[in-house]
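Input: a single structure, listed below in structure tokens.
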Amino acid sequence: MESKKRSQPSWSPPQGSTIPTLHLYNSLTRQKEPFVPQDGKQVKWYGCGPTVYDASHMGHARSYISFDILRRVLTHYFNYDVTYVMNITDIDDKIIKRGRTNYLVEEYIKKTSCPKQVLKDAKEAMEPFESKMAKEENPDKKEMYKNIICKSKAAIETLDGVLNGEKVPLEQLEKPKQDVLVAARDPLCDWLDAQHGHEVSDKSIFSILTQHWENEYHKDMDSINVLPADVLTRVSEYVPEIITYVQQIIDNGFAYESNGSVYFSTTKFDSDPDHHYAKLVPEAFGNQAALQEGEGDLSICSLGEKRSQNDFALWKASKPGEPEWDSPWGKGRPGWHIECSVMASSLLGSSMDIHTGGYDLRFPHHDNELAQAEAHYANDNWVRYFLHAGHLTIAGCKMSKSLKNFITIKDALEKYSSRQIRFVFLLHSWKDTLDYSTDTMEIAKAFEKMINEFFLNIKDILRNTPSSGVAAFEKWTSLEINLNEQYLACKTKVHEALCDSIDTKTALDAMRTVVGQCNIYIQERKTAKQTPNRMLLQNIGVYLTKILRIFGAIEGDEPLGFPIAGSTQNGNLEETVMPYLNVLATFRDQTRQTARTLKATEILNLCDNLRDEVLPDLGVRLEDREGEAARVKLEDKETLLKERELVRKQAEEKQRKKDEAKRKEAEKQAAKEAQKRIPPSEMFRKETDKYSKFDDKGMPTHDASGKELSGKQVKKLTKLYQNQEKLHNEYLKSSSNQGANGDGACAANS
């Protein structure tokens with residue numbers, strides 16, 4: 001037994017617990033699936049990019065920011081090696097029509113100066129546009145067309161009225177003419193394109209349009225901190241690859257040439273036992289409205305050109321006024337769906353891990369992409385995980401360029417910061433619909449303010465406690481042990497949330513909870529007149545900063561909190577200026593204390609002015625604390641100025657309400673005094689709409705119709721009469737006393 005004790009006992013590993021693994025919501029199965037890349041930690045990802053013919057709006061930001069967050073989490077949290085490819089669509093029916101109509105309208109305005117001609121043309125343009133509205137089945141589009149028609153007709157009627165009225169100078173006709181050109185631009189665009197679109201020979205107008213809007217897109221993405229793609233593709237640069245790809249699909253038996261165009265045979269593909277058409281939205285198979293929208297406004301094929309109504313164009317024979325490239329089938333241009341299939345395949349091969357895009361692209365665009373690629377490669381797994389971002393709505397209506405109900409990213413940034421916009425998306429599931437409103441933005445602003453205040457408070461504690469040596473480490477009490485347990489629980493919840501299809505909302509909720517627990521801990525230590533544990537709070541602050549940096553809500557490399565404006569790679573502004581600000585704050589504290597002792601109000605006002613007016617202009621917040629040194633915080637200057645303006649407005653509103661209440665009270669008292677002056681015998685005599693006869697005291701006896709008042713009515717009026725008699729007697733007594741006092745004063749003076 002003794003010898004047995006001298007050897008090590010047997011050891012068993014702990015049971016441990018199940019560690020959650022990453023699952024992603026996959027549109028191909030409509031459920032969360034374990035994420036398993038095809039090649040170790042390498043992830044091949046293709047994302048549908050913009051069609052560059054107009055400004056990027058918040059609906060686009062919904063996808064771009066959401067997938068930027070997912071990409072950052074996969075890369076920096078789960079440590080995958082992501083190759084992210086994104087396209088720019090610079091050949092498309094919408095681009096062709098916008099390029100042509102911009103050109104035609106500009107030429108029209110140059111050549112047409114006569115207001116009468118503009119009026120005549122606008123009236124003519126309205127007829128086909130109204131017919132277009134009548135045929136439209138989409139209720140949102142129909143409503144948009146109605147609004148355009150209403151505004152157009154109002155502008156046309158105004159110009160018509162001016163022209164048909166008295167003779168007016170030409171310069172006075174310019175404004176109503178311009179109003180027509182603005183209001184009726186869409187009807188005029190359609191009308192001019194129908195008449196002259198085929199005559200446009202300058203094909204550079206299309207590249208000028210797309211290059212301008214692509215450049216604006218990149219600026220917008222920089223402004224909202226969306227990382228650039230690892231590889232960016234443009235359709236115009238991949239036309240040879242598209243032609244080769246289409247030919248392979250023909251050779252494989254899933255496409256056919258017809259009248260210079262090439263169509264994909266959905267019937268042939270779907271009937272093949274190794275393939276399945278419309279994987280993402282099988283219930284949409286045969287939806288002609290969706291299929292036609294996917295084909296584009298300029299792609300109306302001749303009767304019999306397609307073997308099936310469900311077939312779609314891989315290559316379109318170009319018509320006059322459209323860009324064109326040589327091909328084995330004649331001059332033409334790529335179809336919309338084939339563009340993404342080819343560009344993604346050229347870089348990521350026959351099968352990719354992730355494909356992303358907006359929810360409205362599922363059918364027909366993404367379903368057609370899948371069919372084309374799988375017909376080309378003769379496989380059934382071109383995409384392993386399809387992720388779709390939810391719609392962004394305004395008042396319940398989808399934000400869309402085509403519906404003209406969009407808020408551009410630039411417009412949104414005039415009102416909110418890039419970080420606040422990102423927090424809106426972080427606080428909602430990336431795959432669900434999000435309604436963009438003042439309320440949702442206020443929630444995002446409140447979260448940002450809460451987390452920023454926490455960071456600033458932690459920084460203040462770190463500045464004012466020892467950072468090294470014996471004094472930097474204190475024994476943990478039950479408060480620290482409890483807070484640390486809550487911190488570890490927060491980390492677990494964040495990890496579980498991110499494993500659960502990158503659920504950033506739940507992750508932020510866990511972060512909000514631990515911030516609240518930290519604030520309680522700090523207050524408890526303060527109440528006990530003890531210093532909070534700097535190391536524990538620093539660890540929590542650094543962790544939250546790390547997660548928010550992964551989410552893209554924090555830029556730069558500062559280990560704790562949001563970056564301070566003015567900080568650069570060459571120097572930390574906070575470290576530089578804080579010693580001086582602390583000296584200023586201490587001097588101000590001492591000055592205020594002395595001024596209070598001496599009751600020097602002017603000096604106290606100057607101290608308040610420094611806090612409220614001077615320092616906010618420099619991005620500095622000074623918080624006075626009773627019995628403690630003032631707390632100094634470096635903040636974003638614009639945030640402080642907005643807060644100051646809000647405080648001023650609230651103070652003005654408070655004073656306005658106070659003045660209003662005072663005025664109403666004065667009016668009430670004046671009315672009361674005026675009422676006292678009325679003798680009870682006269683109080684009812686003016687109410688001839690109610691009463692027709694009165695007794696000697698002025699009491700009503702009959703109503704306006706001559707009917708004698710009932711006993712109940714007389715009793716009620718008698719009570720009012722007696723109250724007025726009492727009030728009037730008080731008035732007479734008061735007046736009598738004032739008169740007596742006045743006589744006495746006169747006698748004394750004499």
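Here the structure is a predicted model, which is why all the values come from computation and not from measurement.
- Shown here is Lys505, whose NZ atom has no more than 12 heavy atoms of other residues, nucleotides or ligands within 6.0 Å.
- A salt bridge between Lys493 and Glu496 is absent, with no side-chain N of the basic residue lying under 4.0 Å from a carboxylate O of the acidic one.
- Heavy atoms of other residues, nucleotides or ligands lying less than 6.0 angstrom from OH of Tyr256 number more than 12.
- No close placement of the Trp213 and Tyr53 rings is indicated, their centers lying 6.0 Å or farther apart.
- Other residues, nucleotides and ligands contribute over 12 non-hydrogen atoms within 6.0 Å of the NZ atom of Lys319.
- Ionic pairing of Arg30 and Glu283 is present here: one or more N-O contacts between side-chain nitrogen and carboxylate oxygen are shorter than 4.0 angstrom.
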Show the numbers, then the answer: is there a side-chain contact (heavy atoms from CB on, under 4.5 Å) between Phe285 and Leu291?
-> CA-CA 9 Å; Phe285 186 92; Leu291 287 165; over 6 Å; no
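- For the pair Lys32 and Tyr25, the cation-pi test (distance below 6.0 Å, angle within 45°) is failed.
- Cation-pi geometry between Arg62 and Phe425 is not met at under 6.0 angstrom from the ring centre and within 45 degrees of the axis.
- A donor-acceptor pair under 3.5 Å is formed between the side chain of Asp311 and the backbone N or O of Thr266.
- To the nearest 0.5 Å, the span separating CD on Glu33 from CG on Leu22 amounts to 12.0 Å.
- For the pair Lys279 and Glu374, the salt-bridge criterion is met [side-chain N within less than 4.0 Å of a carboxylate O].
- Distance check: Tyr238 OH to Ser345 OG gives 11.0 Å after rounding to the nearest 0.5 Å.
- In terms of heavy atoms, Ala183 sits closest to Ser152 at O-OG, 3.0 Å.
- The aromatic ring centres of Phe386 and His388 sit less than 6.0 Å apart.
- Between Ala444 and Gln420, the shortest heavy-atom contact is CB-O, 3.5 Å.
- Between the side chain of His275 and the main chain of Ser271, no donor-acceptor pair closer than 3.5 Å is present.
- Atom CG of Asp297 has 12 or fewer heavy atoms from other residues, nucleotides or ligands within 6.0 Å.
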Please assess Asp39 against Lys44 for the test salt bridge (charged side-chain N to carboxylate O under 4.0 Å, His left out), listing each intermediate value before the final yes or no.
-> CA-CA 9 Å; Asp39 188 10; Lys44 295 190 289 186; over 6 Å; no
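- Scanning all heavy atoms of the two residues, the minimum distance from Ala553 to Phe423 falls at CB-CZ, 4.0 Å.
- Centroid-to-centroid, the aromatic rings of Tyr145 and Phe129 come within less than 6.0 Å.
- The shortest non-hydrogen separation linking Glu305 to Ser261 is OE2-OG, 3.9 Å.
- In summary, the side chains of Asn87 and Thr233 do not present any donor paired with an acceptor at a separation below 3.5 Å, with no hydrogens or angles considered.
- Between Arg333 and Glu322 a salt bridge is recorded (basic side-chain N to carboxylate O distance below 4.0 Å).
- Within 6.0 Å of the NZ atom in Lys41, the count of heavy atoms belonging to other residues, nucleotides or ligands exceeds 12.
- Counting only distance, with no hydrogens or angles, the side chain of Asn252 and the backbone of Ala375 share a donor-acceptor pair below 3.5 Å.
- The pair Asp93-Lys316 counts as a salt bridge, with a side-chain nitrogen and a carboxylate oxygen less than 4.0 angstrom apart.
- Heavy atoms of other residues, nucleotides or ligands lying less than 6.0 angstrom from CD of Glu137 number 12 at most.
- If you check the side chains of Thr408 and Asp411, you find a donor sitting under 3.5 Å from an acceptor.
- Note that OG of Ser341 is 7.5 Å distant from CG of Leu370, once rounded to the nearest 0.5 Å.
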Under the ring pair (Phe, Tyr, Trp, His ring centres under 6.0 Å) criterion, do Phe35 and Tyr80 qualify, and how do the steps go?
-> CA-CA 11 Å; Phe35 180 62; Tyr80 286 108; 5.3 Å; yes
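- Leu227 and Arg71 make their closest contact through O-NH1, 3.5 Å (heavy atoms, listed as atom of the first residue, atom of the second, distance).
- A salt bridge links Glu216 with Lys410: the distance from a Lys NZ or Arg NE/NH1/NH2 to an Asp or Glu carboxylate oxygen falls below 4.0 Å.
- The minimum heavy-atom distance linking Ala389 with Phe67 is given by the pair N-CZ, 3.4 Å.
- Counting only N and O atoms by type, the side chains of Glu214 and Thr210 include no donor and acceptor under 3.5 Å apart.
- The one candidate from Arg185, Arg98, Lys97, Arg100 that meets the salt bridge (Lys or Arg N to Asp or Glu O under 4.0 Å) condition with Asp190 is Lys97.
- The local environment of NZ in Lys142 is crowded, with over 12 non-hydrogen atoms from other residues, nucleotides or ligands closer than 6.0 Å.
- Centroid-to-centroid, the aromatic rings of Phe312 and His337 come within less than 6.0 Å.
- Taking the six-membered ring for Trp and the full ring otherwise, Phe254 and His376 have centroids separated by 6.0 Å or more.
- There is a side-chain donor-acceptor pair under 3.5 Å between Asn310 and Gln288.
- Counting only residues at least two apart or in different chains, salt bridge (charged side-chain N to carboxylate O under 4.0 Å, His left out) contacts with residues 362-373 are absent.
- The residues Arg512 and Asp509 are annotated as salt-bridged, a charged nitrogen and a carboxylate oxygen being separated by less than 4.0 angstrom.
- Looking at Thr83 and Asp81, their side chains never bring a donor and an acceptor atom within 3.5 Å of each other.
- Between Ile502 atom CD1 and Ile69 atom CD1 the span is 9.5 Å, to the nearest 0.5 Å.
- Aromatic ring centres of His495 and Tyr77: separated by under 6.0 Å.
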